[in-house]
Amino acid sequence: MTAALVAGLLVEVGPATAAPAVAAPVPRPAAVAPADRFAADPTAAGPSPAQAARAAFGPVGSLVVVVAPDEPRRPPGTSADAAARATEGTSVAGSADVPVPTASLVKLYLAEGILAGARTAGRAVPPEDLARVEAMLTSSDDPSASELWVAYDGPAVLADVVARYGLTGTGPPTPDPGAWGSTRSSAADLARFLTALPEVAHPDDAALLLGALGRATPTGADGFDQSFGLLSPAVDGVEAAKQGWMCCVDDVAHLHSVGLAGDRVVVLLAAFPPGTDWAVARAALDAAAAAALSR
C-alpha cells in the first residue's frame, strides 16, 4: 500500500496493478481532435476575464486561468466541433498547457471514464459504485475514489478519457500508478473536457456528472471547507463545480476550482508555498473567481 495526501487527507491506495482483470477493450468513438492552442482573443478590449482573475488573485501564489465559452460557435455534430469550442472566444492567463497535479480534479476524468466504459461494454455500473461516483464528486470523498481507481484500473480509464477527449497534457501518476491525486493535467485539458463533455459523453452520463457537480457539499468528506473559488458565497451563477486541494507535491500546495457558470467554463489552478494558510489561499481564489465572472 502507498500513502498519498489528497484533499487534505492521508489515504492508502493500492497499486493499479491490483485491479481485477477487465474485459478486452471495445472500440470507442473517435477521439476529439485537440485544439492547436489556448489563446486569448486578440480582439477583446481591456483585460480579459482570465487576466482580471489573475490580477485579483494577487501575489500570494501562482494561478493559471482559462475562461472558455460553454456554447458552441457552430452547430455541433463532429469531434472537431467539440475541440473548437474550447478555443473560440477563450481567455487565458498563465501557462495553460503545462501539466500540474490535479488533486481531486482527476475524479472528473475517473467518473466519466467509468460510466463510458460500462456503457460501451453493455453493462450497468453497480449501484454501490454509482454511490461512490456521487460521493467523490459532491463531497470529494477520497476512499470512494481510491476504491474506484483500483476496481476499474484508473490508469487505463484515464488513458481512454485522454484519447476520446483529445487531451494533450494529461497523464497517469508516476512513479506510483495508484497515487491518483498525483495525476497531472493542464488547465487547457480541463477546459476542453468540460466544454466537450455534452458532445463526447452519452447525454445520460453527462447529466449524471453535471448533476453531481451541482450538488457539491459546503464541506468535503475530510472536513475541508469547499466554499472557495467558484463555490465561494461571493460568487453567483455557478451551476456545477469541482474543487481540489492537496499539500504537498514537489513542496507546493495546490488549490483548484473548475466548473460551469452561465455560458462559461472556468478553470482556476492555483499553487502556493507549503506554509501558506488555507484561509489566505481560499481568499485569493475567491477573488479570482469573482473577477473572472464579473466581465
Side-chain angles (χ1 to χ4, degrees), residues 1-7 9-26 28-29 31-32 34 64 95-118 120-121 125 129 132-133 136-137 140-194 196-197 200-201 205 209 242-250 252 254 256 258 267 269 271:
M1 301 293 288
T2 301
L5 186 61
V6 179
L9 175 68
L10 187 65
V11 296
E12 288 188 333
V13 294
T17 53
V22 296
V26 179
R28 295 291 176 83
V32 176
V64 179
S95 301
D97 293 314
V98 175
V100 300
T102 60
S104 287
L105 298 187
V106 70
K107 295 168 184 173
L108 294 169
Y109 299 150
L110 180 60
E112 196 280 346
I114 288 171
L115 296 176
T120 300
V125 177
D129 286 346
R132 292 184 179 104
V133 167
M136 75 175 182
L137 293 180
S140 204
D141 186 66
D142 290 338
S144 293
S146 296
E147 292 174 18
L148 293 172
W149 187 267
V150 172
Y152 288 86
D153 187 1
V157 170
L158 184 65
D160 175 66
V161 171
V162 165
R164 287 186 294 112
Y165 283 81
L167 308 183
T168 59
T170 300
T174 57
D176 179 6
W180 50 263
S182 295
T183 298
R184 291 179 179 264
S185 190
S186 66
D189 276 2
L190 286 158
R192 185 172 294 120
F193 173 81
L194 289 172
L197 179 66
V200 177
D205 296 343
L209 264 65
K242 182 71 190 79
Q243 312 288 61
W245 58 93
M246 179 166 61
C247 188
C248 293
V249 173
D250 298 329
V252 175
H254 295 274
H256 307 319
V258 305
V267 176
L269 305 183

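Quick caveat, the model's predicted, so the values are computed rather than measured.
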Undergrad: Rounded to the nearest 0.5 Å, what separates atom CG in Leu190 from atom NZ in Lys242?
TA: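 Answer rounded to 0.5 Å: 11.5 Å.
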Undergrad: Do His256 side-chain atoms and Met246 backbone N/O form a donor-acceptor pair below 3.5 Å?
TA: no
Undergrad: Taking only residues two or more places apart in sequence, or in another chain, which ones meet Thr170 in a side chain to side chain donor-acceptor pair (under 3.5 Å)?
TA: Ser185, Asp189
Undergrad: Does any non-hydrogen side-chain atom of Pro172 lie less than 4.5 Å from one of Leu158?
TA: yes
Undergrad: Asp205: what forms a side chain to side chain donor-acceptor pair (under 3.5 Å) with it, not counting sequence neighbours?
TA: Arg119
Undergrad: To the nearest 0.5 Å, what is the distance between NZ on Lys107 and CH2 on Trp149?
TA: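 One gets 11.5 Å once the value is rounded to the nearest 0.5 Å.
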Undergrad: Of all residues at least two apart in sequence or in a different chain, which pass the ring pair (Phe, Tyr, Trp, His ring centres under 6.0 Å) check with Phe193?
TA: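 Scan of Phe193 (ring pair (Phe, Tyr, Trp, His ring centres under 6.0 Å), adjacent residues dropped) gives Tyr109, Tyr165.
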Undergrad: What are the two closest heavy atoms between Ala188 and Asp97, and how far apart are they?
TA: CB-OD1, 3.4 Å
Undergrad: Return the minimal non-hydrogen interatomic distance between Arg164 and Ala116, and the atom names on each side.
TA: NH2-CB, 3.4 Å
Undergrad: Looking at every heavy atom in both Gly171 and Thr183, which two are closest together, and how far apart are they?
TA: O-CG2, 3.2 Å
Undergrad: Could you measure the distance from the CG atom of Leu105 to the CG atom of Leu194? Nearest 0.5 Å is fine.
TA: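 Here the rounded value is 9.0 Å.
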Undergrad: May I ask you to say whether Asp142 pairs ionically with Arg132, meaning some side-chain N is under 4.0 Å from a carboxylate O?
TA: no
Undergrad: CG/Leu137 to CG/Leu209 distance, rounded to the nearest 0.5 angstrom?
TA: 5.5 Å
Undergrad: What's the separation between atom OG1 in Thr102 and atom CG in Leu110, rounded to the nearest 0.5 Å?
TA: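 Thr102 atom OG1 to Leu110 atom CG measures 10.5 Å (nearest 0.5 Å).
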Undergrad: In terms of side-chain heavy atoms, does Trp245 have a donor or acceptor partner in Ser104 at a distance below 3.5 Å?
TA: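 No donor-acceptor contact under 3.5 Å links the two side chains.
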Undergrad: Is there a side-chain contact between Leu269 and Val267 (heavy atoms, below 4.5 Å)?
TA: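 Side-chain contact under 4.5 Å: yes.
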Undergrad: Give the minimum heavy-atom separation between Val252 and Ala271, together with the two atoms involved.
TA: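 Heavy atoms of Val252 and Ala271 come nearest at CG1-CB, 3.6 Å.
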Undergrad: In Å and rounded to the nearest 0.5 Å, what is the CG to CG distance from Leu148 to Asp141?
TA: 9.5 Å
Undergrad: Where do Pro173 and Ala179 come nearest, in terms of heavy atoms and distance?
TA: CB-O, 3.2 Å
Undergrad: Are any non-hydrogen side-chain atoms of Val258 and Leu108 less than 4.5 angstrom apart?
TA: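 Yes - at least one pair of side-chain heavy atoms lies under 4.5 Å apart.
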Undergrad: After noting the C-alpha distance and the side-chain angles of Arg184 and Asp250, does the key distance pass the salt bridge (charged side-chain N to carboxylate O under 4.0 Å, His left out) rule?
TA: CA-CA 13 Å; Arg184 291 179 179 264; Asp250 298 329; 2.9 Å; yes
Undergrad: Test Val125 against Val133 for side chain to side chain contact (heavy atoms under 4.5 Å, CB included), laying out the working first.
TA: CA-CA 10 Å; Val125 177; Val133 167; 5.6 Å; no
